[in-house]
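Before any comments, here is the structure.
None of these values were measured; they are calculated from a predicted model.
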Amino acid sequence: MNFERHRRLRRTEFMRDMVRETKVTKDDLIYPIFVVESDDIKKEVPSMKGVFQISLNRLHEELEEVKAKGIKSVIFFGIPDEKDPEGCGAYHDHGVVQEACRISKKLYPEILVILDTCLCEYTDHGHCGLIDPDTQDVDNDSSLPLLVRTAVSQAKAGADIIAPSNMMDGFVAEIRKGLDDNGFSHIPIMSYGIKYASKFYGPFRDAADSTPSFGDRRTYQMDPANRLEAQRELASDLEEGCDMMIVKPALSYLDIIRDVRNETNVPVVAYNVSGEYAMTRTAVDMGLLDEAVIMEQMVSMKRAGANMIITYFAKDICRMLDEGME
């Protein structure tokens, strides 16, 4: 018979391991942590089983587990005790994520700390910038100085990477200049420059207490129907000085991850967002899907071109890797 014998390379587990093209490792993972200012809190997010809001005075417990499992990178999101129209807690030198960063660096200096740079968790209206009183929309240009102040305060606190997620036009350029002018030219920017206005963010807004009190974010986050727009966002962020590019969400946007990978040689980060986590977590816990589907999803992101993955499954993935699952 004259045909290709592709199954020769699938015959045994060792053979499959040897020729596997895409692998997920612990080095790929970034674990999100939600930190609250109030003391003595470890509260599970109802829509995200296994994910907790954790107070600063108990953060050491979470970091100890992160370290023990072999996770090397975390990203902090903060829930302040008080919010206001300007999101002052975001750029306070002793704000909740700034203090979380200091705790992490004191206890485990080797853990790479990424800080989310946005105002939505700190504003009483839940939007990512200042509100124009006439249009009732986010005012792009007046929001930029506050985002710069936030990034600089985070760098002063010891952040290894600044990750601005606000989707204001020009945010990378302004933050890059602000960091450089304040002596932080060595701090990289991981831009959320390709962030879609997705319905997969619902559980995150519960966890971070950041649901907008009016309207939505479609005037500044991207339309899920648009593909070419992502290339424009990528081009402008690269020109403005970003060092890494996030695509958010991941699973419904694997084509965008591949486009970004094809268009640039900077590291690409897939954000496996809260809704994707909750959907898969529920299916696995109900026995509808085998737990191995988690790794299959991670492989799909790596295969699409992601170098790193921000995922709430990081602890589970570390356990599965320790058990020999790839």
Side-chain angles (χ1 to χ4, degrees), residues 30 32 72-78 86-106 109-123 128-130 138-195 220-222 230-248 260 263-269 271 307-308 310:
I30 300 169
K72 299 179 180 180
S73 305
V74 297
I75 181 167
F76 287 123
F77 298 93
E86 290 78 34
C88 294
Y91 41 89
H92 195 291
D93 283 343
H94 294 284
V96 60
V97 296
Q98 287 85 347
E99 290 303 302
C101 181
R102 291 186 178 99
I103 292 169
S104 181
K105 285 301 176 185
K106 181 178 179 180
E110 66 276 21
I111 293 178
L112 189 145
V113 174
I114 305 165
L115 294 186
D116 177 75
T117 307
C118 195
L119 303 182
C120 65
E121 296 141 50
Y122 306 90
T123 56
C128 301
L130 299 180
V138 172
D139 187 321
N140 192 95
D141 293 8
S142 69
S143 300
L144 292 174
L146 299 185
L147 295 166
V148 172
R149 288 180 62 184
T150 301
V152 171
S153 74
Q154 292 173 342
K156 288 179 179 177
D160 296 295
I161 297 173
I162 298 299
S165 61
N166 52 87
M167 286 298 287
M168 298 296 107
D169 291 338
F171 71 96
V172 173
E174 293 298 305
I175 289 173
R176 182 72 275 159
K177 184 178 186 303
L179 291 172
D180 293 352
D181 289 349
N182 285 274
F184 297 107
S185 60
H186 60 289
I187 299 296
I189 294 175
M190 178 187 286
S191 172
Y192 283 77
I194 301 176
K195 181 178 181 180
Y220 47 102
Q221 294 178 358
M222 292 173 57
Q231 296 181 22
R232 299 197 296 272
E233 289 281 0
L234 172 65
S236 62
D237 279 15
L238 290 173
E239 184 177 352
E240 291 175 16
C242 86
D243 302 281
M244 293 171 268
M245 178 59 72
I246 297 174
V247 178
K248 180 181 180 181
V260 173
E263 291 289 328
T264 182
N265 57 10
V266 303
V268 179
V269 185
Y271 197 139
N307 301 97
M308 294 160 280
I310 302 172

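Residues Pro188 and Met244 have side chains in contact (heavy-atom distance under 4.5 Å, counting atoms from C-beta outward). Phe171 has its side chain out of reach of Ile189: every pair of non-hydrogen atoms, C-beta onward, lies at least 4.5 Å apart. Contact annotation: the side chain of Ile246 approaches that of Met190 to within less than 4.5 Å [non-hydrogen atoms, C-beta and beyond].
Partners of Ser104 by side-chain contact (heavy atoms from CB on, under 4.5 Å), not counting sequence neighbours, listed by chain and number: Leu63, Phe76, Ile111, Val113. Partners of Glu239 under the salt bridge (charged side-chain N to carboxylate O under 4.0 Å, His left out) rule, at least two apart in sequence or in another chain, do not exist in this structure.
Here NE2 of His92 is found 12.0 Å from OG1 of Thr150. Values are rounded to the nearest 0.5 Å. Here the CG-CG distance, from Leu147 to Asn166, works out to 4.0 Å after rounding to the nearest 0.5 Å. Here the CD-CG distance, from Glu174 to Asp169, works out to 11.5 Å after rounding to the nearest 0.5 Å. To the nearest 0.5 angstrom, Ile114 atom CD1 is 4.0 Å from Ile30 atom CD1. A distance of 11.5 Å separates CD of Glu263 from CE of Met245, quoted to the nearest 0.5 Å. Put simply, CD on Glu240 and OG on Ser191 are 8.5 Å apart, with the number rounded to the nearest 0.5 Å.
Side-chain contact annotation: Asp116 with Tyr192, donor-acceptor N/O pair under 3.5 Å present.
The closest donor-acceptor contact from the side chain of Glu233 to the backbone of Ile194 lies at 3.5 Å or more, if one exists at all. Judged by distance alone, the side chain of Thr123 and the main-chain N or O of Gly87 form no donor-acceptor pair under 3.5 Å. Between the side chain of Asn140 and the backbone N or O of Met168 there is no donor-acceptor pair closer than 3.5 Å.
Taking 4.0 Å as the cut-off between side-chain N and carboxylate O, Arg102 and Glu99 count as a salt-bridged pair. One finds a salt bridge joining Asp243 and Arg176 here, because a Lys/Arg side-chain nitrogen approaches an Asp/Glu carboxylate oxygen to under 4.0 Å.
For residues 152-162, the side chain to side chain donor-acceptor pair (under 3.5 Å) pairs, not counting sequence neighbours, are Gln98-Ser153, Lys105-Asp160, Thr117-Gln154.
Heavy atoms only, all atoms of each residue included: Ile310 and Pro32 are closest at CG2-CG, 3.7 Å. Cys101 and Ala157 get closest at one heavy-atom pair: SG-O, 3.5 Å. Tyr91 and Glu86 get closest at one heavy-atom pair: OH-O, 3.3 Å. Nearest heavy atoms, Pro267 versus Asn307: CA-OD1, 3.3 Å. Closest of all the heavy-atom pairs between Leu179 and Ile187 is CD1-O, 4.3 Å. The two residues Gly78 and Val96 have their closest heavy-atom pair at CA-CG1, 3.5 Å.
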Should Ser165 and Lys195 be marked as a side chain to side chain contact (heavy atoms under 4.5 Å, CB included) after you check the CA-CA gap, both sets of side-chain angles, and the distance that decides it? CA-CA 8 Å; Ser165 61; Lys195 181 178 181 180; 3.8 Å; yes

